[in-house]
Amino acid sequence: MQIGLVGLGKMGGNMRERIRAAGHTVVGYDTNPDLSDVGHLADLVGRLDGPRAVWVMVPAGTVTQHVIDQLGSLLKPGDTVVDGGNSRWTDDEKHAKELGARGIGFVDAGVSGGVWGLEHGYALMVGGEEEDVQRLKPIFDALKPDGPYGYVHAGRVGAGHFAKMVHNGIEYAMMQAYAEGWELLEKVDSVDNVREVFRSWQNGTVIRSWLLDLAVDALDEDVHLEKLRGYADDSGEGRWTVEAAIDNAVPLPAITASLFARFSSRQEDSPQMRMVAALRKQFGGHAVASADQPGPATSGSPGSPGSPDGA
């Protein structure tokens, strides 16, 4: 099968290689000429036989919209566009309507696998009309991991990216749980080999996972993670997951807390904690630290029973 691939970055470039290894023809385009097979998007479309299929693998939002607009003017009725980036599912509905007005099919594909996808395959969550999805099945089969799992036609347009968004929300919460457990183990005096505790969990425990394996790899590189600053960005899907939960009145306390924890990581001096400290001093006379002084010495233990924050 032939397919065009727009965007040949860390994931797109590896996807091109994996699809080619399965025997398919890939014509790739990237704004970086060192990566691109063709000079322009129009050249990519011209190299494909109809009905064409073009997979878009670029940043969500304005960039994706620009590429969709270009493809809408270049492709013909019967062709199909796949958005494999991390677009919001509501954008999928808009893109499907815009392309559909020109007789062009649209499929959204949530893709998980990161830099390991070339070797292990990519988990694919797909949304779209059955006819459009089935036409692209050889490409999905080439990208997915070996075996019966790793691919799902999740539903109509938008379902693929919605499923990937929820996947990433769960990922936020899982990472936060491992991080909190690691910090607590590092804090106590009785545990003197935290890395090996994590390693021992890799077999026979109910919390074993690929994320746990990756945590052990990270600790092998930097046993106390001293080379890193405690800062973590969020890529958007965590926020969208929480927004969707609010819209649908679904409680997501763990995922929501994990998102807010990332916001906290960006504050060297938390304004909220300044207010908490001020209130504790006002109602309970608790010690506070000045802006240019470290906090008062403490064991890190919670208050003893009978002496909580309350007045």
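Throughout, residue positions are numbered sequentially from 1 according to the sequence presented. None of these values were measured; they are calculated from a predicted model. Note that these values count all heavy atoms, side chains included, but never hydrogens, waters or copies made by symmetry.
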Test side chain to side chain donor-acceptor pair (under 3.5 Å) applied to Asp91 - qualifying residues, sequence neighbours left out: none

In short, side-chain hydrogen bond (donor to acceptor under 3.5 Å, both in side chains) pairs touching residues 21-31 with sequence neighbours left out are none

N/O donor to acceptor pairs below 3.5 angstrom from side-chain atoms of residues 172-179, sequence neighbours left out:
{"residue": "Tyr172", "atom": "OH", "partner": "Ser235", "partner atom": "N", "Å": "3.2"}
{"residue": "Gln176", "atom": "NE2", "partner": "Glu180", "partner atom": "OE2", "Å": "3.0"}
{"residue": "Tyr178", "atom": "OH", "partner": "Ile207", "partner atom": "O", "Å": "2.5"}
{"residue": "Tyr178", "atom": "OH", "partner": "Ser209", "partner atom": "OG", "Å": "2.8"}

Heavy-atom check, side chain of Asp49 versus side chain of Gln2, under 4.5 Å: yes

Check: Asp69 side chain, His66 main-chain N or O, donor-acceptor pair, under 3.5 Å: no

When you measure from the side chain of Arg266 to the backbone of Arg262, do you find a donor-acceptor pair of N or O atoms at a distance under 3.5 Å? yes

Membership question, hydrophobic clusters at under 4.5 Å side-chain separation (ILVMFWY): are Ile104 and Ile3 in the same one? no

How would you list, by chain and number, every residue that makes a side-chain contact (heavy atoms from CB on, under 4.5 Å) with Pro59, sequence neighbours excluded? Val63

Would you please name every residue forming a side chain to side chain donor-acceptor pair (under 3.5 Å) with Glu243, sequence neighbours left out? Arg88

Donor-acceptor check, side chain of Arg102 to backbone of Gly72, threshold 3.5 angstrom: yes or no? yes

With no hydrogens and no angle check, do the side chains of Thr80 and Arg52 hold a donor and an acceptor under 3.5 Å apart? no

Report the residue from Val82, Val26, Leu44 that forms a side chain to side chain contact (heavy atoms under 4.5 Å, CB included) with Leu5. Val26

Looking at side-chain heavy atoms only, is the closest gap between Asn203 and Arg208 below 4.5 Å? no

Would you say Thr241's side chain and Glu237's backbone share a donor-acceptor pair under 3.5 angstrom? yes

Any heavy-atom pair between the side chains of Glu98 and His95 that's under 4.5 Å? yes

Looking at residues at least two apart in the chain, or sitting in another chain, which of them share a salt bridge (charged side-chain N to carboxylate O under 4.0 Å, His left out) with Asp141? Lys137

Do Asp108 and Val157 have side chains that approach each other closer than 4.5 Å (heavy atoms only, starting at C-beta)? yes

Between Leu48 and Val27, is any pair of side-chain heavy atoms under 4.5 Å apart? yes

Run the numbers on Asp37 and Arg20 for salt bridge (Lys or Arg N to Asp or Glu O under 4.0 Å), then give the verdict. CA-CA 13 Å; Asp37 299 321; Arg20 284 177 174 171; 2.9 Å; yes

Shortest non-hydrogen contact from Lys144 to Pro148? NZ-C, 4.4 Å

What pairs meet the salt bridge (Lys or Arg N to Asp or Glu O under 4.0 Å) rule with one or both residues in residues 115-130, with sequence neighbours excluded? none

Considering residues, nucleotides and ligands other than Gln202, do more than 12 of their heavy atoms fall under 6.0 Å from its CD? yes

Considering residues at least two apart in sequence or located in another chain, which fulfil the salt bridge (charged side-chain N to carboxylate O under 4.0 Å, His left out) criterion with Arg156? none

So for atom NE2, which belongs to His120, do other residues, nucleotides or ligands contribute more than 12 heavy atoms lying within a distance under 6.0 Å? yes

Test item: Asp79 and Val54 side chains (from C-beta on) under 4.5 Å apart, heavy atoms: no

Below 3.5 Å, can you tabulate the donor-acceptor pairs from side chains in residues 214-221 to any protein atom, sequence neighbours excluded?
{"residue": "Asp220", "atom": "OD1", "partner": "Arg199", "partner atom": "NH2", "Å": "2.6"}
{"residue": "Asp220", "atom": "OD2", "partner": "Arg199", "partner atom": "NH1", "Å": "3.4"}

Return each pair, listed once, that meets side-chain hydrogen bond (donor to acceptor under 3.5 Å, both in side chains) where at least one residue sits in residues 244-257; pairs must be two or more places apart or across chains. none

Does atom OH (Tyr231) have a neighbourhood of more than 12 heavy atoms from anything else shown, all under 6.0 Å? yes

Using atom types as modelled and distance alone, determine if a side-chain donor or acceptor of His153 lies under 3.5 Å from a backbone N or O of Gly128. yes

Quick one: does Met15's side chain get under 4.5 Å of Tyr122's, heavy atoms only? yes

Is there a side-chain contact between Phe106 and Asp132 in this structure, where contact means two heavy atoms from C-beta onward sitting under 4.5 Å apart? no

Qualifying residues under ring-ring contact (aromatic ring centres under 6.0 Å, His included), relative to Trp240, sequence neighbours excluded: none

I'd like to check the side chain to side chain donor-acceptor pair (under 3.5 Å) partners of Ser87; sequence neighbours left out, ordered by chain and number. Asp83

